[in-house]
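Accompanying notes for the structure given below.
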Amino acid sequence: MPNRLRLGVNIDHVATIRNARGGAHPDPVRAAKLAAEAGADGITAHLREDRRHISDDDIRRLRREIDLPLNLEMAPTEEMLQIALTHRPHAVCLVPERREERTTEGGLNVIGKGNWMTPYVRRLTDAGIRVSIFIEPNRAQLEAARDIGAPVVELHTGSYSHAAGEGLAKELDRLVEGARAAADLGLECHAGHGLTFDNVGPVAAIPNVVELNIGHFLVGEAIFGGLDSSIRRMRAAMDRARADATGAKSA
Ligand code: PXP
């Protein structure tokens with residue numbers, strides 16, 4: 001399918017369940033293999049500073065055992081830079097990280113950070129790694145991401161996924177405008193966080209968005225119908241929304 005929206009399956013929470021008992025089951029690398037068979041275009045994993053889910057060994061095994069592109073989410077620290085340079089994933093998505101947070105609660109603030117972020121991004125880029133910045137859909141952040149040399153941004157869909165009523169339309173507008181601004185600035189645009197079967201459609205329909213990264217819902221839903229089924233249903237919901245949007249535009 002031309003312009004197929006890519007799906008990056010985030011396997012962090014397979015590791016969360018494994019770590020609850022400290023053993024080897026369930027194995028996130030096995031989940032990544034299954035995700036590949038179910039139609040994922042990439043695997044996403046967040047190596048957190050506290051290693052609460054994905055471990056260093058998971059990253060090593062994902063690189064060795066999985067053919068799909070790996071998108072390594074990480075905080076922009078020197079420790080993580082060295083890990084990325086060692087394992088050389090296809091992509092790195094730079095995210096903010098606070099130990100006390102339950103999940104990545106907001107986008108990275110890159111405004112005014114050029115002095116140290118520009119060389120940081122360059123070191124990853126020079127190693128052949130495609131760098132994306134996880135940011136709020138806000139023009140000033142997008143311009144700053146462009147200025148530090150990132151070719152890709154991932155728009156944080158958390159506010160959209162938590163919004164209801166009038167707030168929902170407003171949050172969706174912010175994403176649409178953010179994706180448009182990203183295109184104006186020559187940035188490839190991804191999106192993710194908190195997406196579900198019910199709320200993925202309007203985001204999948206945004207024409208400039210080329211990739212969605214989805215994890216928690218897919219792993220949670222797998223409890224009821226299996227991981228293969230949850231990924232296939234998400235894939236179908238994304239494709240349907242994209243096809244409807246494209247059809248509506250050309251009609
Ligand atoms: N994209 C980024 C940058 C993230 O940090 C996360 C959460 O780790 C996701 C996407 C996926 O979010 P969720 O697990 O809510 O689908």
Side-chain angles (χ1 to χ4, degrees), residues 4-16 18-19 27-97 103-104 107-108 110 116-135 145 148-156 187-193 209-216 218-219 227 231:
R4 184 172 112 127
L5 180 59
R6 294 198 302 263
L7 171 60
V9 172
N10 180 315
I11 53 165
D12 291 351
H13 297 298
V14 178
T16 303
R18 174 195 62 193
N19 296 358
D27 178 11
V29 179
R30 180 175 163 201
K33 286 181 187 157
L34 207 147
E37 284 162 23
D41 302 289
I43 298 299
T44 293
H46 185 173
L47 186 67
R48 292 188 73 102
E49 289 180 277
D50 62 8
R51 309 299 197 269
R52 71 173 71 154
H53 37 58
I54 292 296
S55 68
D56 299 64
D57 192 51
D58 292 331
I59 298 297
R60 185 188 61 75
R61 289 183 55 224
L62 285 167
R63 285 294 287 129
R64 190 180 295 175
E65 298 176 36
I66 303 295
D67 289 333
L68 289 182
L70 174 65
N71 173 34
L72 172 63
E73 295 175 355
M74 61 183 219
T77 63
E78 188 57 34
E79 181 204 6
M80 290 297 155
L81 178 67
Q82 293 311 323
I83 291 169
L85 294 178
T86 301
H87 295 292
R88 307 218 171 199
H90 164 76
V92 154
C93 181
L94 296 174
V95 301
E97 206 171 288
T103 179
T104 315
L108 193 64
V110 282
W116 68 274
M117 288 285 294
T118 305
Y120 193 96
V121 169
R122 194 179 307 124
R123 286 170 75 189
L124 290 165
T125 307
D126 287 350
I129 299 168
R130 196 156 169 80
V131 179
S132 96
I133 313 275
F134 190 43
I135 50 175
I148 62 176
V152 184
V153 288
E154 180 167 328
L155 302 182
H156 196 310
L187 294 163
E188 182 175 312
C189 187
H190 302 174
H193 209 280
V209 172
V210 301
E211 177 175 309
L212 299 182
N213 285 298
I214 309 179
H216 183 268
L218 290 174
V219 174
L227 189 57
I231 293 170

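Keep in mind that the numbers below use all heavy atoms, side chains included, and drop hydrogens, waters and symmetry copies. Note that the coordinates shown come from a computational prediction; the quantities given were computed from them, not determined experimentally.
In this structure the side chain of Met117 reaches within 4.5 angstrom of the side chain of Ile133, judged on heavy atoms. The side-chain heavy atoms of Met74 and Ile59, taken from C-beta on, include no pair separated by under 4.5 Å. Residues Leu70 and Arg63 form a side-chain contact, since some pair of their non-hydrogen atoms from C-beta on lies under 4.5 Å apart. Counting heavy atoms from C-beta on, the side chains of Arg123 and Leu81 come closer than 4.5 Å. The shortest side-chain heavy-atom distance between Ile54 and His46 does not fall under the 4.5 Å cut-off. A heavy-atom distance below 4.5 Å is not found between the side chains of Val9 and Leu68.
Residue Arg30 qualifies as open at atom CZ: its count of foreign heavy atoms under 6.0 Å is 12 or below. Applying the 6.0 Å contact sphere to CG of Asp67 captures no more than 12 heavy atoms from other residues, nucleotides or ligands. Sparse packing is recorded around NE2 of His216, with 12 or fewer heavy atoms of other residues, nucleotides or ligands lying under 6.0 Å away.
Interatomic distance, CD1 of Ile231 versus CG of Leu218, reported as 6.0 Å (0.5 Å rounding). Atom NE2 of His193 sits about 13.5 Å away from atom CG of Leu212, to the nearest 0.5 Å. Put simply, CG on Leu72 and NE2 on His87 are 8.5 Å apart, with the number rounded to the nearest 0.5 Å. With rounding to the nearest 0.5 Å, the separation of CE in Met80 from CG in Leu85 is 12.5 Å. The CD1 atom of Ile11 lies 7.5 Å from the CD1 atom of Ile66; values are rounded to the nearest 0.5 Å. If you take SG on Cys93 and NE2 on His190, they are separated by 9.0 Å, rounding to the nearest 0.5 Å.
When all heavy atoms of Glu97 and Glu49 are compared, the closest pair comes out as OE2-N, 2.7 Å. A pairwise comparison of heavy atoms in Val219 and Asn10 identifies CG2-O, 4.2 Å as the closest pair. Ile135 and Leu108 get closest at one heavy-atom pair: CG2-O, 3.2 Å. A pairwise comparison of heavy atoms in Leu124 and Val131 identifies CB-CG2, 3.6 Å as the closest pair. The two residues Leu94 and Val92 make their nearest non-hydrogen contact at CD2-CG1, 3.7 Å. Annotation for Ala127 and Arg88: closest pair O-NH1, 3.4 Å, computed over non-hydrogen atoms.
Salt bridge Arg60/Asp57: present, at least one basic N to carboxylate O contact under 4.0 Å. Using a cutoff of 4.0 Å between basic side-chain nitrogens and carboxylate oxygens, Arg6 and Glu154 are not scored as salt-bridged.
For the residue pair Asn71 and Glu73, no side-chain donor N or O sits within less than 3.5 Å of a side-chain acceptor on the partner.
Relative ring orientation between His13 and His53 is described as perpendicular, the plane-to-plane angle rising above 60° on a 0-90° scale split at 30° and 60°.
The backbone N or O of Thr77 lies less than 3.5 Å from a partner atom in the side chain of Tyr120, making a donor-acceptor pair.
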